Amino acid sequence: MADLINLTIDGRAVQAAPGTLVIEAAKKAGIEIPAFCYYEGLSLQGACRMCLVEVEKFPKLQVGCTLPVAEGMVVHTDSPTVQQARKGTLEFLLTNHPLDCPVCDKGGECELQDMVFRYGVGESRYIETKHHVDEKQWSPVVYFDAPRCILCYRCVRVCGEGMGVNALGIVNRGVLAEIGPNEGDHLECDECGNCIDICPVGALTSGIYRYQTRPWEMNHVGTICTHCSGGCKTTLGVRNDQVIRGNNRDRSGINGEFLCLKGRYAFDFLESEERLQTPMKRVDGKLEPISWAEALELAASKLKDAKNPGVIGSTRTTNEESYYLQKFARQGLKTSNIDHIRTGDVTTLIDALSGKTDALATIGDLYTTKAALIIGADLAQQQPFMAYQLRANWRHHQSHTYTITPGPVREDQYSVGAVRCDAGKELDQLESLRDKLKAEASLVIIYGDCVKGDGVRKLVAFGDSLGIPVKYIPLVDYTNSRGALDMGVASDLEPGYKPAAKTGLSVAQMIAAKDLDVLWVVGEDPLRGKDLGSTSAFVIVQDMFLTETAQKADLVLPSASNYEKTGTVTNVTGEVQKLKRAAKTMGAKADLEIMGLIAKEMGLNLGIWTPDKVFDEIRKTVKGYNVPLPVVASGGAAQSQPVNGRVPSNYNPAEIDSDDNTLFTSGTLGRYSKIMNSVMEAPGGLYK
Amino acid sequence: MTPTIGKLYNEPHPDETRVLTWRFGKPNSWKIDTYLADGGYQTIMKALQMTQEQIIEEVKTSGLRGRGGAGFPTGLKWSFVPRSSPKPKYIVCNADESEPGTCKDRLLIEFDPHQLIEGLMIAGHAMGSQHAYVYIRGEYRFLIEHLNGAIDEAYAAGVLGENIRGTGFTFHVHTHSGAGAYECGEETALLDSLEGKRGVPRMKPPFPAVAGAWACPTLLNNVETFSAVVPIIRDGGAKFLSYGVPKSGGTRLLCVSGHVNKPGVYEVPLGMDTMTFINGIAGGVKGGKLKAVVPGGSSCPILTADECQNLPMDYDSVAKIGSMMGSGGMVVMNEHTDMVAVALRIIKFYQHESCGWCIPCREGTTWLKKSLQRYADGGGSEADIDIIHELAKNMLGRTFCALGDAAAMPTISLVTKFRSEFIEYLKKPRAVHQHELVGIH
């Protein structure tokens, strides 16, 4: 590139694109310019004055985080003047800082500590009284300790710019200036905790992590959030088999540093007193504890004798478990009655896109696409990571966003076309945006469960008619909703969208059927608010909790959560990611193990049931899942490439229905998370 | 208490050169009929016959420099505004007069508001702007009402509004109240405040000329600067220049306070000898010999009596000896003045007014204030003087805006030029220190 700018940093020749900031140019050259308020991706502040550097021909020290590079510029980042300035700034910073590091949550991973260690002076000359204000609690999950705050405004920016919530601001001035919440004394917000995570010091602390541990006592396990289908990586801080914290501070996942309330806090269901830890069978109408051996034997005998069984899989269990379950049903039980509760129409989309390549978007595409169209979904509530990506794309690349929704959505803040319509009539509004969409360079269409069946075909026809590259994202609800379908836990489809040899009963049909003799439910709550049509059926339920379905069961097998498993899950955009086991709960077993043991008990040979072996089989046999193993194994995300061809299906679109979760609900599982309930009940409630 | 409008605060002095203030003291000088009778709103008609370039050229010729404090050449600033931009252009008048010792803008608004309005109109024509905002400090509430009255008069007389007097020129003037923050006198913080945001300074570049109010090209000047435009266009830039010295054209309003016999606001030519002014117009030093002078508002490094000898009051001469003409707020101190108390008083102001945006200013002013308070209370030591000096140096040139410098510069000058007095202070018994103990909460 001829138009690179040449400059010298610390005697080293550096080239950088025009507009590059000195701090970034230095970083690329391997030279650290320390800063607090500078944060990649957020607006520039120039407030902390930590990044002052000496630039030749400038009379004063310059701010490295706001100064763009210039041809021939000579920068010194480590001269005596700069060193002295840093010492001065840090000395100022520590004047009113309480220096309560021994009891501070941030101690050990605090940027202020690190900076003072590296650039500061050993002792302070400050002998005056410190300014003190008491700590405040702003919500069940957010505490603020003003004296620790260095006013870098990262929290204000991540909340306003990143989330579009603007729940944080600055009150008072001068040394009394502090961060304040939007409702005066409490927050009304997404409770996402990004402010806590981004805080370089211990000013903002998490209601559930605070005073629990020292950071170095934890192991950090990067796994995938078990709630919505976004597929965010959450790095769980684990001590003594107990999950204490969730974040993604190392930005190793597809979500970068983003996490919502669910990924950050809602792992507390693991510790719920309602967790099942022993198998139970119904004796005289009541569920009584039994041993695993007895339970497995009972399950095996009932399944072995079943003439007309039904099997319902889960939208949260791993790909391996889903794959194994459908294999169990089809090969072991010789039934085609296997299905899961579908929350979005993926099948019709794949059929409609037959013959096209590169038409399924990844979540990463939302950050690079020139335009996006959201149909019938409130991303901020249902897919917060997608909302974050789109907003970042708009902030950084001025992308265009269009919405067709029944009510106002947060994307309206910056969308260039917001269309309101009656629920269910969204597709009728497509034409009104045609001219604008045609002028875009590329488009990603995101649609919710209001678009299904023929609606999807109509949508794809519309996309084709625009004459621009269009990609699609069919929204589904849960962490492995997409994987359940890909793995063929479907009455109409075998793994890889292969049409089923014989179409079995769907979930609704199984519930309605009068003649099922065994119903086996793995990690799902299909009988919520419903009764099974077949009163004589023996119901086996594998779950973490005594859900409504489990309460109606004849045999309940306690299962492990995704945070207690290894395996893979596939997110809403088909990206396969690896789960790592973070904790374990005594008495509960992973669903794959339970199924394997039942198979063994029944004398079935369905192959080895370790996650690795099953994943090997998936990669070999399921179309589109031959994903690069090193990517997945090392914690990356690899998009599966679904079959490119017709997917005939006669599945009733009426059965496809989203649970319409909000930020503070997560299906049945969410009800067992105290933190999710507490934020919902707290003053502020659900921020809209 | 609302001051009585129209009563002169000090008698004019015959040695003044009254170019901007010549109507001060005339009966009802703030009314449009007296202004029109004195040839008011003729200059805008003349300006409308001139091209934008001609007006800017005239302002450049006048040698007018910003009267708000920084002293930037006004004509040059005007030439920076991209007049060809398709965006609307705005004129913003900084009437957030808050520099301690400064009280001239209020008089210009009080006694000759129409001169200011006419100045804004000329600037509006020169920039191709249709709207001016006058940002007035909240403490001047009575002035806001007063200026609003003048604006109403101007609309009623057809000198403001659409297609003024059939010239095709449209211009509107709006007032906007500050809310008690010194920081909002900083031009970019003022713009944020004007836009309804928290008044903290913006990053520069972009400068307001390019992206100011609502990110549109904006011309921002002080009340006195805009007022001076009227005589410049009326009588020509060369005439205005001739009042002063070559690089500091014209006259300037000096607000002299402290130990002088005749405190007040006087209009004098730039380049006037400091001692001539103090001993003449200001009536001489009161209560003893001269010890020190703050030349242009409390943020300016203080000058000793010796430094004031043979010192012409123009931008460059004052800068040469390490201080500034600033906003024209001159504070004179006699030999009995306690310089420790002065240092504390000054830093108290800046500590109170620091907006808190950047670390060196927020923490530095507070530390300095606490140290100086302790020192003044008798709890200091000689080492404190060095620490205070060093802390102020750590702020100087390292803060986001000039407020940090404004706090650091006088402090540095006080502890260096009057170090011996600081040391002497330590020897006095504690009981002598009668300073009010004021905590920061």
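Naming: A, B, ... by sequence-line order, numbering from 1 per chain. What you are looking at is a predicted structure, and each value in this text was computed from that prediction instead of being measured.
- For the set B:Cys355, B:Cys361, B:Pro205, B:Ala181, the count of heavy-atom pairs under 4.5 angstrom toward chain A peaks at B:Cys355.
- Within residues 36-49 of chain A, the residues that have a heavy atom under 4.5 Å from a heavy atom of chain B are A:Leu44, A:Gln45, A:Gly46, A:Ala47, A:Cys48, A:Arg49, listed by number.
- Interface with chain A: from residues 193-202 of chain B, residues B:Arg198 qualify, criterion being any non-hydrogen pair under 4.5 Å.
- In this structure, A:Tyr126 has its ring center no closer than 6.0 Å to that of A:Phe92.
- The number of heavy-atom neighbours closer than 6.0 Å to CD of A:Glu71, taken from other residues, nucleotides and ligands shown, is above 12.
- The minimum heavy-atom distance between A:Cys51 and A:Val63, with the atom names listed, is SG-CG1, 3.5 Å.
- Checked for salt-bridge contact, A:Asp114 and A:Lys106 miss the test: no charged N lies under 4.0 Å from a carboxylate O.
- Contacts of B:Ala383 with chain A are absent, with no heavy-atom separation under 4.5 Å from either backbone or side chain.
- A cation-pi contact, defined as under 6.0 Å to the ring centre and within 45° of the axis, links B:Arg137 to B:Tyr140.
- Heavy atoms of B:Thr365 lying under 4.5 Å from chain A are absent altogether.
- In terms of heavy-atom pairs under 4.5 Å with chain A, the best-connected choice from B:Ile387, B:Leu396, B:Thr399 is B:Thr399.
- Contacts between B:Leu391 and chain A at a heavy-atom distance below 4.5 Å involve backbone atoms as well as side-chain atoms.
- For a residue to count as touching a neighbouring chain, one of its non-hydrogen atoms must lie under 4.5 Å from one of that chain's; by this rule B:Glu353 touches chain A with backbone and side chain alike.
- Each of A:Ile5, A:Ile9, A:Val22 was evaluated against A:Met73; a single residue qualifies, A:Val22, per the side-chain contact (heavy atoms from CB on, under 4.5 Å) test.
- Looking at A:Leu52, only its side chain comes within 4.5 Å of chain B, counting heavy atoms on both sides.
- Using a 4.5 Å cut-off between heavy atoms, A:Val171 contacts chain B through its backbone alone, with no side-chain atom that close.
- Of the charged side-chain nitrogens involved, none lies within less than 4.0 Å of a carboxylate oxygen, so that B:Arg398 and B:Asp405 do not count as a salt-bridged pair.
- The residues B:Arg362 and A:Glu178 are annotated as not salt-bridged, no charged nitrogen and carboxylate oxygen being separated by less than 4.0 angstrom.
- Side-chain polar atoms of B:Glu187 and B:Tyr135 form no donor-acceptor pair below 3.5 angstrom.
- Contact count versus chain B (heavy atoms, under 4.5 Å) is highest, among A:Gln84, A:Gln62, A:Met50, for A:Gln84.
- Under the 4.0 Å criterion applied to side-chain N and carboxylate O atoms, A:Glu128 and B:Arg374 are assigned as salt-bridge partners.
- Under a 4.0 Å N-O distance rule, the pair A:Glu91/A:Arg86 does not qualify as a salt bridge.
- A salt bridge is absent between A:Asp145 and A:Lys136: the closest approach of a Lys/Arg side-chain nitrogen to an acidic carboxylate oxygen does not fall below 4.0 angstrom.
- With salt bridges taken as basic N to acidic carboxylate O contacts below 4.0 Å, one links A:Lys27 and A:Glu24.
- No salt bridge links A:Glu111 with A:Arg118; every basic N to acidic carboxylate O contact stays at or beyond 4.0 Å.
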